[in-house]
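The block underneath contains the structure these notes are about, expressed in structure tokens.
Residue numbers start from 1 in every chain, and the chains themselves are labelled A, B, ... in the order their sequence lines are given, proteins ahead of strands.
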Number of protein chains: 2
Amino acid sequence: MKATIYDVAREAGVSIAAVSQVINGKGKISEERRASIISVMEQLNYKPSLIASALTGKKTYTLGLLIPDISNPFFAEIARAVEDQGDVHGYSLVICSTDNKDERVERYLTLLGQKSVDGIIIGTGMDSGELLDLLLKKSIPLAVIAREMPGHDLATVVVDDYEGGRMAARHLLGLGHTRMAVLAEHRKVISSRERIRGFQDEVVEAGLQLPEYMVKMNGRDLVNDGRRSASELLRYADRPTAVFCCNDLLAIGALQAAKEMGVRVPEELSIVGFDNTILATVTDPPLTTVSQPTEQMGQLVVDLVLSKNDAAKPGESKRVMLKPELVVRQSTGKPISI
Amino acid sequence: MKATIYDVAREAGVSIAAVSQVINGKGKISEERRASIISVMEQLNYKPSLIASALTGKKTYTLGLLIPDISNPFFAEIARAVEDQGDVHGYSLVICSTDNKDERVERYLTLLGQKSVDGIIIGTGMDSGELLDLLLKKSIPLAVIAREMPGHDLATVVVDDYEGGRMAARHLLGLGHTRMAVLAEHRKVISSRERIRGFQDEVVEAGLQLPEYMVKMNGRDLVNDGRRSASELLRYADRPTAVFCCNDLLAIGALQAAKEMGVRVPEELSIVGFDNTILATVTDPPLTTVSQPTEQMGQLVVDLVLSKNDAAKPGESKRVMLKPELVVRQSTGKPISI
DNA sequence: TTGAAAGCGCTACCAA
DNA sequence: TTGGTAGCGCTTTCAA
């Protein structure tokens, strides 16, 4: 069986209060008692139960991370960054893959609440704003990463999605493209919407159009849905010479569609991704993509949710918006007709 | 503030015992009391604290997963499978990326112990067998995935690594290769060793050799280390015509090295990976690789650690060994000299 | 300095 | 059926 504080106290011939003191390094204890207690603790291999300590109002040293899917390399990278920074402060990480389904979001959120985690980091889309209020009422710190959470004043770390979209468009426009398409995620995903908006604004400012039928929404199975959507685009009589994909997974789908249909990339179709995951470096051809600084984002969001940062003006949540960066590889080029 | 069982009891005009009854669906309560209590619970948005309930000896509904790195797509897939199956039984998942460092393994293991998780799934290498015994003594169920844990009789789910190595070798031999090399992980990683052993046995049985200088060990930064190792191999006067990589990440490194040095794949160098991650489908050329059934593995290991499977003979731990599968893509071909 | 004791929120046993 | 109550393991007053 597991040793408890009572075992240690008995063995050391002291009260449990004394043992608690040395565990927490507080209070006054004579050096010899402390030493003897410590030695007993080691001997019994005693480790204080975090459950019990949490019940007395202390921390659980657990953070929750809500993301669409841990097997999506982008979120896996975010998770790793969050885990590492949490680890720095002694926290461990509960992973919650939501598939962007409200039902899963809801279930996970209440579960994390019941487990009294010390903070929840949200990196997934969700409709259920009420749930957040509930959590807030239970005074669980919340922070948002890689997403906006409109209508809620939460600490947030994002990349400038709008600007990222503009960068992608600027790059393609600069190459001379005039017929461009977009592969987006579910419309629930705000970052995706922002990227499209930026892309579109830039295109329109250049005096061109982004007709609605050139913008395809996609479901959960990003690669395959992206592939299907791209095939459709490529079957148009006025098929696009370039496609901006709201993440690398969709871009890979587009790449596959092009390959299947014998459409050369980038000669006949330029493809731009988003996220700059490891995937973008290994595709054929390597993907031009908009990069997010995942490591920095993970660090910042953990510090925010744990309020390890310099406290902002009270009542005003911190917002950090990082700059994306365009990484040009070989999946983009001049349109062949030019 | 968060509502407690006392709030509910007071509000409903009953004892906390009654409330506890309806939470756990046990004991006898009249239908009306039950209904009224339930309505009060909803009204107060009461959710029982899992911390408190865990302290009374019930489960924590938390599982720990130790893996080298969640940002490695193979382990991200495993994690997703484990998470989903855990979710089926109402458990959430704490992710622990160890980087295969004993120090991290140790820290995470004791942390999980202090948090009284209901089970730990180990998918990382480790030297510290004593720690496991300690955990076992504290009666935390353990199970191993995608690894062997020699010297410990633990429930285990693996793929037949040895056979996987043989399959890779058979494939390359069948293509006519005679000078082959291996890119392996750190020697601490047993699965890697088994894969090499299988590969080597098959090669030797074919009357060929696998000299030691053709086997390169690699560190934590798999892609880059793989790239470096592959460059070395390609600089040999008797450079190999094929290389078997113990995972897809190493294979990608090899691919990059080949590209950098102008070595054509598969014409001048055939590359075989292992794991069949999403990466293998997007590389240029797509990777021939040995596939592991991650989803099935995740499901099985969760059921094992929760003993949801049909109980084995007591005292005898369950072992499940799944068959790998060779997925032939375009990174392998006949050696050019033939 | 030290320790007795009152919780933390919930479960489970036992008496009413 | 119901509710009082003794813990679960630990923290934290508050006296001694």
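Side-chain atoms of A:Tyr46 lie closest to D:dC10 of the nucleotides C:dT2, C:dA12, D:dC10. Listed candidates were D:dT11, C:dG9, C:dT11. Nearest to the side chain of A:Lys58 is D:dT11. Ranking C:dA12, D:dG4, D:dC10 by closeness to the A:Thr4 side chain, first place goes to D:dC10. When each of C:dC10, D:dG9, C:dT2 is scored by its nearest atom to the side-chain atoms of B:Ser49, the top-ranked nucleotide is C:dC10.
Following rounding to the nearest Å, B:Lys26 (NZ) and C:dC13 (C1') show an atom-to-atom distance of 12 Å. C:dA4 atom C1' lies 13 Å from atom CD of A:Gln21, rounded to whole Å. Here C:dT1 presents its P atom at 13 Å from CD1 of A:Ile37, a figure rounded to the nearest Å. Atoms CZ (B:Arg10) and C1' (C:dC10) sit 16 Å apart, rounded to a whole Å. To the nearest angstrom, P of D:dC10 lies 5 Å from CD1 of A:Ile5. Between the CD1 atom of A:Ile23 and the P atom of D:dG9 there is a distance of 13 Å, rounded to whole Å. For the pair A:Leu50 CG and D:dG9 C1', the interatomic distance rounds to 11 Å; values are reported in whole Å. The interatomic distance linking A:Arg33 (CZ) with C:dT1 (P) rounds to 11 Å, in whole Å.
The neighbour count for B:Arg187 CZ, taken as heavy atoms of other residues, nucleotides or ligands under 6.0 Å away, does not exceed 12. Residue B:Gln114 qualifies as enclosed at atom CD: its count of foreign heavy atoms under 6.0 Å is above 12.
Under 4.0 angstrom from either OP1 or OP2 of D:dT11 there lies at least one side-chain N or O belonging to A:Ser20. Note on A:Thr56: every side-chain N or O is 4.0 Å or more away from OP1 and OP2 of C:dC8. Side-chain nitrogen and oxygen atoms of A:Ser30 include at least one within less than 4.0 Å of the OP1 or OP2 phosphate oxygen of C:dT2.
Heavy atoms of B:Ile16 sit under 4.0 angstrom from at least one base atom. Across all strands, B:Ser53 comes closer than 4.0 Å only to sugar-phosphate atoms, never to a base (heavy-atom distances). At the heavy-atom level, A:Val19 lies nowhere under 4.0 Å from the strands shown.
A donor N or O paired with an acceptor N or O is not found under 3.5 Å between the base of D:dC8 and the side-chain atoms of A:Tyr6.
Map A:Gly13 and B:Leu55 each onto its nearest nucleotide of DNA chain C; the residue landing nearer the 5' end is A:Gly13. Where A:Asn24 and B:Ala17 each meet DNA chain D at their nearest nucleotide, the meeting point lying more 5' is that of B:Ala17.
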Take A:Arg319 and A:Asp153, measure what salt bridge (Lys or Arg N to Asp or Glu O under 4.0 Å) needs, and give me the verdict at the end. CA-CA 9 Å; A:Arg319 270 187 58 84; A:Asp153 183 37; over 6 Å; no

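Counting heavy atoms from C-beta outward, B:Val157 and B:Met321 have side chains that stay 4.5 Å or more apart. Residues A:Met297 and A:Leu322 meet the side-chain proximity criterion, which asks for heavy atoms closer than 4.5 Å.
Nearest heavy atoms, B:Ile121 versus B:Val302: CD1-CG2, 4.1 Å.
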